[in-house]
Amino acid sequence: MSVVARIKEVTAEAINRLYSVDIQPNDVLVNATKPEFEGEYTVVLFAFVKQLKKSPDALGQELGEAILASNPGLFSSFNIIKGFLNLTISDSYWIPFLQDAYSKNNFGYGALTGQKVMVEYSSPNTNKPLHLGHLRNNFLGWSIAEILKATGNEVVKTCIVNDRGIHICKSMIAWQLFSEGATPKSTGTKGDHFVGDYYVKFNDAYKREVDELVAGGMDKETAEKEAPIMKATQQMLLDWEAGKPEVMELWRTMNGWVYKGFEETYQKIGSDFDKTYYESNTYLLGKDLVENGLAKGVFYQKEDGSVWIDLTADGLDEKLVRRKDGTSVYITQDIGLAEQKQKEFNASQSIYVVGDEQNYHFKVLKLICQKLQLPSADGIYHLSYGMVELPTGKMKSREGTVVDADDLVQEMINIAKQKTEELGKVKDFTESELAELYETIGLGALKFFLLRVDPKKKMVFNPEESIDFHGFTGPFIQYTHARIKSILRKTGEPGNNVSFHMPLLPLEKELLVLLETFPAVIADAASEHDPSKLAIYVFNLAKAFNSFYTEHSIAHAETPEKKELRLLLAGLTARVIKSGMQVLGIRVPERM
RNA sequence: GGACCGGUAGCUCAGCUGGAUAGAGCAGCUGCCUUCUAAGCAGCAGGUCAUUGGUUCGAAUCCAAUCCGGUUCACCA
């Protein structure tokens, strides 16, 4: 049990015993003590003052004495300032904690819950390569999956690939018109970029055709419908749905190029999936559920034959679930896929990592699933994240301000290389060791930058700030880890079987307090679905270690006993940094 | 227009289930490498927590209104 949980428990117990009331541990507010006061944790007394009819000081005095007397191994002293009961945790608590935590190889990880959780993330379109926004999605999805694993859940990572539809046909038409048979291989282009280029070519040609028609006297709206390239694209979509062989062949070929490109990117950034769904297989799902819903009276049919659900009573709107021509809309297949996932995996929770522009969509999705009484309905959770913007504003593909994922990753790696060479600390590394280090640092900087902010909030990606390797960054934390490992290489690993008698110094205690909260931070990040909590924590830990490191020598500590203690402290800090970063998807180097 | 989200230091962000004098990083300014990696440390400076009112022992945090910004409400995906 965590120190905070124990403080809540013993405080509630003491209040109940002293004043014959019924206070629950969770009613006790425990904060970290402000640095200017003595102690590590503080019980806020105001909440009880009125009920117990005591002055804060008197209550604090009685309470402090009581919990100190009944928990001599936990507290060493207390003081009361203006209604705050500051508690000093005893060294005889910290030392065994340190030894115990160090002896575990999975400190911080929770016990198995027996629960299964699905995490759907990444979910790209196959008509263009991944960009900066996808990176936030991928890093978030991968990390939340790891965090949920660390808290004892079985996790199934899935991806739904949007591999069909009008946008794919645009790239296909453009390739037919303009490629003269070119392929990724013949041009030496990565497959997803190759196909994306034709998507751009489509839009250029389309715009030209519309402009010409408008110049010829047609109004813009009609011109947009009548442009030959658009009509050809729509015909191709019909041909695809009809399964016309040459269209299917081209579709498979071009998607194949894209998948090869994506695979390369995923490999590089560390995304992986246990199960990949393709929309070409799932877009017809959910049709039976529409019938089902009609029979149940959840849906209703309008005179023209279209099918709807009325969500106005839930504060939403009416929502179409089947067109009058009998075809499905987007949400229908989502309902169907939710049901399919449930049948296939029977997870208790299903997380969708999708941008916040689809908040409404997921609200509707969950509501409809609930009204249809699908078993998976209550487990649907939309992990909504904000858009990534540039200092100049939003990324717009039409204006060419989209930051390409592959380019950005490569740029980060290049900068890592350049900075590493400037510092010249790893001149003895082999070529492959260097390549790995640059990738670790470059990707670490990028991932940390995108994960350190609350997912719910939109964020600004400032290219200059993101490539900074100082301060609140991935490389800062990686560097701290490398420093510790350097010490351990020179002094040897800590022994962990020594008894300690010297009092802990403030900076030693600060590290211990932080280390002790690691399990609670992971649990919090899991329940909040928020990796940034962990990112902030790991940064604070690294910062605390660096202060400690500057102030106190480990290898040349005052006594052998202190050296042993500090080795343990440093060793545990390195492990926590490593596992904390690991669940963020960031590797830490032994040297840098 | 309805719904939802946001507004905290020059910039990027923490803090938001109410608790002590609102915190980091970057940028700016001072110091610190013959001792375990200076991608570091210590310090200075920087704030009307959008505005107004309310709730109370106490409000950046809760409530209401207002202002500003964003997203969304397709027989698109």
Side-chain angles (χ1 to χ4, degrees), chain A residues 26 29 31 33-34 36-37 42 44-47 49-50 56 81-84 86 125 162 164-167 279 283 302 304-308 312 315-331 333 355-361 363-364 384 386-387 389 391 394 416 419-420 422-423 425-426 441 445 449 452-454 456-462 464-466 468-480 482-491 532-533 535-536 539-540 542-543 545-557 563 566 570 591-592:
Chain A
N26 268 336
L29 179 61
N31 289 339
T33 302
K34 294 253 164 194
E36 55 267 40
F37 303 113
T42 297
V44 183
L45 301 170
F46 297 105
V49 165
K50 199 177 272 179
I81 295 167
K82 292 198 298 182
F84 296 90
N86 301 322
N125 291 346
N162 188 352
R164 63 164 286 280
I166 194 80
H167 51 294
E279 261 191 41
Y283 80 110
K302 287 193 177 174
D304 64 3
S306 58
V307 180
W308 298 73
T312 50
L316 305 177
D317 303 288
E318 293 188 331
K319 179 76 186 176
L320 177 92
V321 294
R322 191 171 76 192
R323 298 188 186 101
K324 68 181 173 199
D325 65 5
T327 56
S328 303
V329 289
Y330 189 71
I331 199 154
Q333 61 172 301
D356 63 5
E357 75 269 3
Q358 292 199 41
N359 284 353
Y360 180 78
H361 174 81
K363 211 183 260 185
V364 170
S384 163
M387 295 292 102
E389 296 176 5
K394 290 186 182 173
K419 301 219 174 191
T420 303
E422 278 169 17
L423 290 167
K425 295 180 181 181
V426 287
I441 297 172
F449 188 86
R452 70 182 197 181
V453 300
D454 185 342
K456 288 194 291 293
K457 299 197 176 175
K458 70 178 182 196
M459 65 179 295
V460 175
F461 182 86
N462 185 326
E464 280 161 36
E465 198 179 315
S466 69
D468 194 350
F469 289 180
H470 303 270
F472 188 16
T473 66
F476 171 90
I477 297 160
Q478 292 172 322
Y479 173 69
T480 307
R483 261 181 155 181
I484 297 174
K485 295 307 259 190
S486 166
I487 297 167
L488 297 183
R489 273 193 303 274
K490 286 175 181 161
T491 59
S532 74
K533 307 241 184 214
I536 292 164
F539 169 65
N540 284 329
K543 208 157 48 123
F545 181 84
N546 283 324
S547 297
F548 161 77
Y549 170 94
T550 308
E551 196 67 29
H552 304 295
S553 177
I554 295 170
H556 311 291
K563 179 174 171 182
R566 288 177 189 164
R591 288 178 57 193
M592 68 184 275

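Per chain, numbering begins at 1; letters A, B, ... match sequence-line order. Quick note: numbers below take in every heavy atom, side chains included, and nothing from hydrogens, waters or symmetry partners.
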With sugar-phosphate meaning primed atoms plus P, OP1 and OP2, does I441(A) contact a base, only sugar-phosphate, or nothing at under 4.0 Å between heavy atoms? base
Taking only N and O in the side chain of H470(A), is any of them less than 4.0 Å away from OP1 or OP2 of G25(B)? no
Kindly state whether the pair Y330(A) / A77(B) counts as stacked, where counting means centroids closer than 5.5 Å and planes tilted less than 30° apart. yes
Using Watson-Crick geometry (N1-N3 plus N6-O4 or O6-N4) or G-U wobble (N1-O2, O6-N3), each under 3.5 Å, G43(B) is paired with C29(B)
Using a heavy-atom cut-off of 4.0 Å across all strands, would you classify M387(A) as base, sugar-phosphate, or nothing? nothing
When K543(A) and T42(A) are each assigned the nearest nucleotide of RNA chain B, the 5'-most assignment goes to T42(A)
Please report the distance, rounded to the nearest Å, between CZ in F469(A) and P in A27(B). 14 Å
Rounded to whole Å, the CZ-P distance (F539(A) to G23(B)) equals 16 Å
Is R489(A) close enough to C36(B) that one of its side-chain N or O atoms is under 4.0 Å from OP1 or OP2 there? no
Check if the side chain of S306(A) and the base of C75(B) share a donor-acceptor pair of N or O atoms closer than 3.5 Å. yes
A27(B) base to D468(A) side chain: any donor-acceptor pair below 3.5 Å? no
If you look at every strand shown and take non-hydrogen atoms under 4.0 Å, does R322(A) touch a base, only sugar-phosphate, or nothing? nothing
Could you check Y330(A) against E279(A) for side chain to side chain contact (heavy atoms under 4.5 Å, CB included), going step by step and ending with a plain yes or no? CA-CA 10 Å; Y330(A) 189 71; E279(A) 261 191 41; 4.0 Å; yes
Side chain of Y549(A), heavy atoms from C-beta onward: which of C36(B), C75(B), C16(B) has the nearest atom to it? C36(B)
Counting only side-chain N and O atoms of R452(A), is one of them less than 4.0 Å from OP1 or OP2 of C26(B)? no
With centres under 5.5 Å and planes under 30°, do Y360(A) and A3(B) count as stacked? no
Do D317(A) and Y360(A) have side chains that get closer than 4.5 Å, going by heavy atoms? yes
Does the side-chain ring of F37(A) lie flat on the base of A20(B), meaning centres under 5.5 Å and planes less than 30 degrees apart? yes
By the 4.0 Å heavy-atom rule, please label K82(A) as base, sugar-phosphate, or nothing. sugar-phosphate
Between C62(B) and C49(B), how many Å separate the two P atoms, rounded to a whole number? 16 Å
Rounded distance (Å) that lies between atom C1' of C41(B) and atom CZ of R483(A): 8 Å
Taking a pair as Watson-Crick or G-U wobble with both distances under 3.5 Å, which nucleotide is matched to U21(B)? none
Could you work out which one of U37(B), C41(B), C75(B) sits closest to the side chain of D304(A)? C75(B)
For N86(A), which contact category applies under a 4.0 Å heavy-atom criterion: base, sugar-phosphate, or nothing? base
Please check this pair: side chain of S306(A) against backbone of K302(A), looking for a donor-acceptor N/O pair closer than 3.5 Å. no
Presence of K363(A) side-chain N/O under 4.0 Å of U72(B) phosphate oxygens OP1/OP2: no
Picking from U37(B), A14(B), C75(B), the nucleotide nearest the side-chain atoms of K490(A) would be U37(B)
When rounded to the nearest Å, what value does the distance between C1' atoms of A20(B) and A59(B) take? 14 Å
Under 3.5 Å for both donor-acceptor distances, Watson-Crick or wobble: does C16(B) have a partner, and if so which one? none
Looking at A42(B), I'd like to know if its phosphate oxygens (OP1 or OP2) sit under 4.0 Å from a side-chain N or O belonging to S547(A). yes
Go ahead and name the base partner of U37(B); Watson-Crick or wobble counts if both distances stay under 3.5 Å, otherwise write none. none
Distance between C1' atoms of A9(B) and G28(B) (Å, rounded): 13 Å
Does K458(A) put a side-chain nitrogen or oxygen below 4.0 Å from OP1 or OP2 of G7(B)? no
With distance as the sole criterion, is a donor-acceptor pair present between the side chains of Y479(A) and N546(A) under 3.5 Å? no
Please tell me if the side chains of K419(A) and I441(A) come closer than 4.5 Å, counting only heavy atoms from C-beta onward. no
Over all strands shown, is L29(A) touching base, sugar-phosphate only, or nothing at heavy-atom distances under 4.0 angstrom? base
Once you round it to whole Å, what is the distance between C1' of C75(B) and CG of D325(A)? 7 Å
Identify whether the glycosidic angle of C16(B) places it syn (within 90° of 0) or anti. anti
Using both distances under 3.5 Å as the test, list the Watson-Crick or G-U wobble partner of A64(B), or none. U52(B)
Touch check for K457(A), heavy atoms < 4.0 angstrom, all strands: base, sugar-phosphate only, or nothing? base
Gap in Å between the two P atoms, one belonging to G23(B) and one to C63(B), rounded: 25 Å
Please give the distance between the P atoms of C44(B) and C5(B) as a whole number of Å. 39 Å
For the pair made of CZ in F548(A) and C1' in C36(B), what is the distance, rounded to whole Å? 11 Å
OP1 or OP2 of U37(B) sitting under 4.0 Å from any side-chain N/O of S486(A)? yes
Below 4.5 Å, heavy atoms only, C-beta onward: do F84(A) and N31(A) meet side chain to side chain? no
If the C1' atom of A14(B) is compared with that of C75(B), how far apart are they to the nearest Å? 45 Å
Keeping R452(A) on the side-chain end and F472(A) on the backbone end, is there a donor-acceptor pair under 3.5 Å? yes
Please state whether the phosphate of C75(B), meaning OP1 or OP2, lies under 4.0 angstrom from any side-chain nitrogen or oxygen of K302(A). no
Determine the interatomic distance between C1' on A22(B) and the same-named atom on C13(B); round to the nearest Å. 14 Å
G19(B) base stacked by F46(A) (centroids within less than 5.5 Å, tilt under 30°): yes
If the plane angle is over 60° it's perpendicular, under 30° parallel, otherwise tilted; pick one for F461(A) and F449(A). perpendicular
Describe the nucleic acid contact of K485(A) in one word from base, sugar-phosphate, nothing, applying a heavy-atom distance below 4.0 Å. nothing
Salt bridge (Lys or Arg N to Asp or Glu O under 4.0 Å) with D454(A): of K458(A), K457(A), K456(A), only one passes, and it is K456(A)
Want to settle it: does F449(A) or T473(A) sit nearer the 5' end of RNA chain B, counting the closest nucleotide to each? F449(A)
Within less than 4.0 Å of OP1 or OP2 of U21(B), is there a side-chain N or O belonging to K34(A)? no
Taking the same atom, C1', in G25(B) and in A45(B), what whole-Å distance lies between them? 16 Å
Describe the nucleic acid contact of V44(A) in one word from base, sugar-phosphate, nothing, applying a heavy-atom distance below 4.0 Å. base
Winner on side-chain proximity to S553(A), out of C36(B), G40(B), C76(B), is C36(B)
At under 4.0 Å between heavy atoms, what does T420(A) touch on the DNA or RNA strands: base, sugar-phosphate, or nothing? base
Can you tell me if R323(A) uses its side chain to pair, donor with acceptor, with the backbone of V329(A) under 3.5 Å? no
